[in-house]
Amino acid sequence: MERFGIKVQVKNVPPLDSGFIPLLAFNRAFLSGAKNPVAIAVERADGQMAATHTYIYGTPEMADADRYYLNRLVKTILWIKGGFKVYVNDQCAYAHIKHAFCEGGERDFDVKFMSDIFERPFEVVKVDSVPEEKNIAKSMGGHLAGCRIGFDAGGSDRKVSAVIDGTTVFSEEVVWFPKINSDPQYHYDGIVSALKSAASHMPRVDGVGVSSAGVFINDRTMKASLFLKVPDDLFETKVKDIYIRAIKDTFGDIPYAVINDGDVSALAGAMSIGESNVLGIAMGTSEAGGYVDGNGRITGWLNELAFAPVDAQNDGTWDEWSGDIGCGVKYFSQDAVIKLAPRAGIELNDNLSPAEKLKEVQQLMEGGDERAAKIYETIGVYLGHTLALYFDIYCCKHVLLLGRVMSGKGGDLILSVAKKVLESEYKELSGKILPQLPDEKFRRVGQSMAAASLPE
């Protein structure tokens, strides 16, 4: 395989996607010949920095390869760690990054998204020396003493648990429709109703933890699909602090924490296996991620794996929202199954919803259909290569694989194939990264109970 003059060797090729080029394999091949040192740092909330030292070619002949490598590198940092200001110490690298990451540029979507969530103009600046790495991880979760409420806000239902000294004394699941309601009062009333329902089963409330889909910075809602229909002006005034207001209006000044549901999934995994350094990956409607570091702390990173690139091929699958190709959402979600079905010879009814199409393929898989097996085998190869890429970033020991795509025989095959890819192509990671499916203990911990353990 070749891309921008870089020859990439891949032993494990997906059966339904022969052109797939694992991004890690491309990066390693690129760096084997690049000798010009470059330092890049990305600033995010509270002065935190993600810094990396790498190399490019820096020659006119390899300009396209340099441009692509830097584009993918900065995009990966932005979507996994977040940031609004990019510092670069090399003029050639600065020119490439500045050209792509600007309004109206190739990465216009990324620039506007980051500017919105950090409430700062997005910048790329040339400096002589980039700032050093700085992380402020929060020691959150695992706190079980006292009377606590855990609230899990999903797109189709909301769950709440009342937990006393680590024991769930009440839990409730209520269907709601947040994505189609434009009045934020609907969302606020639903949140307060759940909190009061849980509180009625305890003598007092010592703290509230919230798990919700979306991007949260300092407990504030910066982006979330739950509020998709809420107009921008109401989002600004009524949604950004909606969880904070609901908690304070109901219970007064008590400890609380609001974080992304992916991080809560990783925390639940860490609680269930009794270890830290856990990356959670949920493959459902999209690809969601969460991470608990080696010290059992929430990093505050975005972990938006859906938008992080994984495939370096020229014909990578296009994502209609971000306008980019080769990103995780199209390789590790129900969209991946739907994309691969025609290649496997399975024609799905266009009138079915994406979830119904996934279910149809799952039923074929449960019945032993070899065409369906090829789909899951392909995703397994994708995953094996991509877990090696994620390890380069997270150094995660445990990877918990969740979501509808990972259910049933299909999920078992994905996991089996991914392990084989890791064993055969990334021998240096043997014993260092352990992908696994959730066990019964994880299911007992649950998302809302893990959320309850968030505030100290």
Side-chain angles (χ1 to χ4, degrees), residues 1-10 13-14 17-42 50-81 83 86-114 122 124 126 130 304-331 382 385-386 388-390 392-393:
M1 296 179 181
E2 186 171 317
R3 187 89 158 97
F4 301 114
I6 304 297
K7 293 183 178 179
V8 184
Q9 300 295 324
V10 180
V13 178
D17 192 355
S18 60
F20 176 71
I21 301 177
L23 186 61
L24 179 60
F26 173 86
N27 289 346
R28 289 179 174 179
F30 173 90
L31 291 171
S32 67
K35 305 299 180 187
N36 184 41
V38 173
I40 299 170
V42 177
T52 185
H53 295 267
T54 188
Y55 297 89
I56 61 172
Y57 288 84
T59 64
E61 297 79 14
M62 298 301 290
D64 287 343
D66 283 346
R67 186 180 300 111
Y68 180 79
Y69 171 75
L70 291 166
N71 185 304
R72 301 289 88 179
L73 175 62
V74 173
K75 184 180 177 79
T76 298
I77 295 171
L78 288 175
W79 288 106
I80 288 183
K81 297 189 177 182
V86 182
Y87 300 86
V88 192
N89 73 343
D90 176 87
Q91 181 59 39
C92 178
Y94 165 76
H96 288 320
I97 296 169
K98 177 76 172 178
H99 184 263
F101 290 87
C102 65
E103 288 199 24
E106 187 182 6
R107 299 276 69 84
D108 177 78
F109 173 85
D110 311 66
V111 166
K112 289 179 179 176
F113 193 100
M114 295 298 157
F122 191 92
V124 180
K126 167 70 171 59
V130 305
E304 289 287 343
L305 299 181
F307 298 113
V310 301
D311 180 9
Q313 71 171 306
N314 185 51
D315 296 322
T317 307
W318 182 68
D319 172 35
E320 59 277 3
W321 189 23
S322 67
D324 202 355
I325 64 170
C327 297
V329 63
K330 295 299 183 180
Y331 296 75
Y382 288 158
H385 288 294
T386 302
L389 173 68
Y390 291 161
D392 256 18
I393 300 163

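What you find for Val13 and Ser18 is that their closest heavy atoms are CG1-CA, 3.6 Å. Nearest heavy-atom pair across Gly58 and Cys92 is CA-SG, 4.2 Å. What you find for Ile77 and Ala50 is that their closest heavy atoms are CG2-CB, 3.9 Å.
Legend: residues meeting salt bridge (charged side-chain N to carboxylate O under 4.0 Å, His left out) with Asp324, ordered by chain and number and at least two apart, are Arg72, Lys75, Arg107. Residues satisfying the ring pair (Phe, Tyr, Trp, His ring centres under 6.0 Å) test with Phe101, not counting sequence neighbours, are none.
Interatomic distance, CG of Asn27 versus OG1 of Thr76, reported as 7.5 Å (0.5 Å rounding). Atom NE2 in His96 sits 12.0 Å away from atom CD in Glu106 (nearest 0.5 Å). Thr59 OG1 to Lys35 NZ: the interatomic distance, rounded to the nearest 0.5 Å, is 13.0 Å. Thr386 OG1 to Leu23 CG: the interatomic distance, rounded to the nearest 0.5 Å, is 8.5 Å.
At a cut-off of 3.5 Å, with distance as the only test, a side-chain donor of Tyr382 or Asp17 sits close to an acceptor on the other residue.
Counted within 6.0 Å of CD on Glu2, heavy atoms from surrounding residues, nucleotides or ligands total more than 12; the atom is thus considered enclosed. Annotation: Lys126, atom NZ; neighbour count of heavy atoms from other residues, nucleotides and ligands within 6.0 Å is above 12.
Between Met114 and Trp79 there is a side-chain heavy-atom pair separated by less than 4.5 Å. Side-chain atoms of Val42 and Lys81, non-hydrogen and from C-beta on, never get closer than 4.5 Å to each other. Taking 4.5 Å as the limit, every side-chain heavy atom of Arg28 sits out of range of all side-chain heavy atoms of Gln9. Between Pro22 and Val10, some side-chain heavy-atom pair lies under the 4.5 Å cut-off. Side-chain contact between Ile6 and Met62: present, with at least one pair of heavy atoms (C-beta onward) separated by less than 4.5 Å. Val130 places none of its side-chain heavy atoms less than 4.5 Å from the side chain of Val88. Side-chain contact between Leu70 and Ile40 is present, with heavy atoms from C-beta onward closer than 4.5 Å. Counting heavy atoms from C-beta outward, Asp66 and Phe4 have side chains that stay 4.5 Å or more apart.
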Exercise for the section: Could you please spell out the steps behind the side-chain contact (heavy atoms from CB on, under 4.5 Å) verdict for Asp311 and Ile21? Expected result: CA-CA 5 Å; Asp311 180 9; Ile21 301 177; 4.3 Å; yes
Problem - Phe122 vs Val86, side-chain contact (heavy atoms from CB on, under 4.5 Å): CA-CA, chis, key distance, verdict - result: CA-CA 8 Å; Phe122 191 92; Val86 182; 3.8 Å; yes
Exercise for the section: Show your working on ring-ring contact (aromatic ring centres under 6.0 Å, His included) between Phe26 and Tyr68 and close with a plain yes or no. Expected result: CA-CA 10 Å; Phe26 173 86; Tyr68 180 79; 5.3 Å; yes
Practice task
Check the pair Tyr55, Asp90 against side-chain contact (heavy atoms from CB on, under 4.5 Å), reporting the backbone distance first and the verdict last.
Solution key: CA-CA 10 Å; Tyr55 297 89; Asp90 176 87; over 6 Å; no
Exercise for the section: Would you please test Leu78 and Phe113 for side-chain contact (heavy atoms from CB on, under 4.5 Å) and show each step? Expected result: CA-CA 10 Å; Leu78 288 175; Phe113 193 100; over 6 Å; no
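A tilted orientation is assigned to the rings of Phe20 and Tyr331, their planes being inclined by 30° to 60°. Taking the six-membered ring where the residue is Trp, Phe307 and Phe109 present tilted rings, their angle falling between 30° and 60°.
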